[in-house]
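Structure first, commentary second.
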Amino acid sequence: MKKTPEEIAADMADIARRRRQQQRPQKDTSPAAAKGDVQQVLQQLQQLRAGGKLPHYDYETLRRQYEQQANADVKQLQQEAKIHRTEKLLAQADLNADWTFDKMDVNDPALAHHIETAHHFINAFDHWEQKGGTGILLYGDFGTGKSTLAGAIAHELIHKHQKSVIFQQWASVVDRLFFGVIEDQDSRNQYRRALEEVDLLVLDEVAANRSRLAESQSSFLGHLLRRRRNLSKSIVIISNHDPQSLHRAVGDFCFEAIKAFHPVDIALRGPSRRPNIGDYHS
């Protein structure tokens with residue numbers, strides 16, 4: 001049968017391939033040949049080492065170097081993770097960036113002792129998490145530095161102890177939960193759980209300018225504080241009421257919940273520390 005041009009071309013290509021294989025030397029893959037190859041490589045390595053061209057490695061030194069590099073890499077990853085977590089915690093806390101200890105006057109006799117007390121609170125924070133939580137009651141006139149001191153505590157706990165904090169005006173809590181600022185019920189429940197479970201809850205201006213909280217607000221605050229006490233979560237309450245007038249403002253049920261934390265009371269006295277407006281001195 002006469003072949004087609006395509007079949008003739010395929011035959012010629014096959015003949016050429018077989019000729020190339022016959023001309024190519026076959027590699028000896030026997031065990032003896034393999035042993036010879038290994039010996040040849042070893043001899044070349046010995047010659048290089050004898051000639052000073054091959055460095056000598058000490059296993060223990062290499063192991064220590066690898067461990068040091070691995071530890072450095074782990075520390076870098078941990079540091080990056082800490083920075084990322086700190087940024088998230090600060091965003092959640094809703095803090096004024098200026099509320100830090102380094103921006104407070106430690107030489108001010110009205111502040112020095114309170115700053116020291118705040119540091120004791122921070123240093124013992126983990127201890128109190130095991131003992132049911134604790135609290136601080138900060139009170140005094142407007143502008144005396146209550147929010148600044150509480151904010152400095154919050155910043156320190158976030159940056160140095162990686163604690164979660166929510167710093168919230170009481171009026172903002174009321175608006176979100178009682179006046180429909182948060183419209184979705186699931187979102188309100190999630191916000192309420194956050195208030196209950198965050199490591200430190202700071203409530204600012206509790207009962208500000210009020211002789212008495214509405215019954216619904218007082219009841220909610222009392223239940224919130226009891227829930228946090230059960231979870232061993234600490235609190236900071238800020239008010240312009242002293243303890244006696246705060247008791248009247250929030251009622252027995254709520255005030256007893258505050259007392260359960262055995263809070264340290266810090267009274268900030270004196271004139272407003274905020275800058276004056278023009279020549280007017282308030």
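Just so we're clear, the structure is a prediction, and the values are computed from it rather than from any experiment.
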Pairwise side-chain contact, [X] with [Y], heavy-atom cut-off 4.5 Å (strictly under):
X	Y	result
Leu268	Leu111	yes
Ile153	Trp99	no
Phe121	Leu200	yes
Tyr191	Val181	no
Val202	Gln168	no

Would you call the rings of His159 and His155 parallel, tilted or perpendicular, taking 30° and 60° as the class edges?
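It falls in the parallel class, under 30°.
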
Closest non-hydrogen atom pair between [X] and [Y], with its separation:
X	Y	result
Ala150	Phe167	CB-CE1, 3.8 Å
Ser187	Ile182	CB-CG2, 3.5 Å
Val198	Ile166	CG2-N, 3.7 Å
Arg228	Leu201	NH2-N, 3.4 Å
Val206	Trp170	CA-CB, 4.0 Å
Ala208	Asn240	CA-OD1, 3.6 Å

If you round to the nearest 0.5 Å, how far is [atom2] of [Y] from [atom1] of [X]?
X	Y	atom1	atom2	result
Leu225	Glu196	CG	CD	10.5 Å
Leu231	Asp199	CG	CG	11.0 Å
Leu195	Lys233	CG	NZ	13.5 Å
Ser219	Leu224	OG	CG	11.0 Å
Phe125	His161	CZ	NE2	9.5 Å

Does any pair with a residue in residues 166-191 pass salt bridge (charged side-chain N to carboxylate O under 4.0 Å, His left out), and if so which ones, sequence neighbours excluded?
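As it turns out, there is no salt bridge (charged side-chain N to carboxylate O under 4.0 Å, His left out) pair with a partner in residues 166-191 once direct neighbours are skipped.
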
Among residues at least two apart in sequence or on other chains, which ones pass side chain to side chain donor-acceptor pair (under 3.5 Å) with Ser232?
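Not a single residue meets the side chain to side chain donor-acceptor pair (under 3.5 Å) criterion with Ser232.
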
Is the count of non-hydrogen atoms from other residues, nucleotides or ligands lying under 6.0 Å from Glu197 atom CD greater than 12?
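Yes, because the 6.0 Å sphere around CD of Glu197 holds more than 12 heavy atoms from other groups.
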
Please set out all donor-acceptor pairs under 3.5 angstrom arising from side-chain atoms of residues 128-149, sequence neighbours excluded.
{"residue": "Glu129", "atom": "OE1", "partner": "Lys163", "partner atom": "NZ", "Å": "3.1"}
{"residue": "Thr144", "atom": "OG1", "partner": "Asp141", "partner atom": "O", "Å": "2.8"}
{"residue": "Lys146", "atom": "NZ", "partner": "Gly140", "partner atom": "O", "Å": "3.3"}
{"residue": "Lys146", "atom": "NZ", "partner": "Asp141", "partner atom": "O", "Å": "2.8"}
{"residue": "Ser147", "atom": "OG", "partner": "Asp204", "partner atom": "OD1", "Å": "3.3"}
{"residue": "Ser147", "atom": "OG", "partner": "Asp204", "partner atom": "OD2", "Å": "2.7"}

Once salt bridge (Lys or Arg N to Asp or Glu O under 4.0 Å) is applied, do any residues pair with Glu67, and if so which ones, sequence neighbours excluded?
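Testing Glu67 for salt bridge (Lys or Arg N to Asp or Glu O under 4.0 Å), a comparison that skips the adjacent residues, returns Arg63.
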
Do Asn189 and Arg192 pair up side chain to side chain, a donor and an acceptor below 3.5 Å, judged on atom types alone?
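Their side chains do contain a donor-acceptor pair, which is all the 3.5 Å distance test asks for.
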
Can you list, pair by pair, the side-chain donor-acceptor contacts under 3.5 Å of residues 243-262, counting residues two or more places apart and other chains?
{"residue": "Ser245", "atom": "OG", "partner": "His241", "partner atom": "ND1", "Å": "3.2"}
{"residue": "Ser245", "atom": "OG", "partner": "Asp242", "partner atom": "N", "Å": "3.1"}
{"residue": "Ser245", "atom": "OG", "partner": "Asp242", "partner atom": "O", "Å": "3.2"}
{"residue": "Ser245", "atom": "OG", "partner": "Asp242", "partner atom": "OD1", "Å": "3.0"}
{"residue": "His247", "atom": "NE2", "partner": "Asp252", "partner atom": "OD1", "Å": "2.7"}
{"residue": "Glu256", "atom": "OE2", "partner": "Lys259", "partner atom": "NZ", "Å": "3.1"}

Any pair with a residue in residues 104-118 that passes side chain to side chain donor-acceptor pair (under 3.5 Å), sequence neighbours left out, goes on the list, sorted by first then second residue, please.
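Listed by first then second residue: Asp108-Arg273.
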
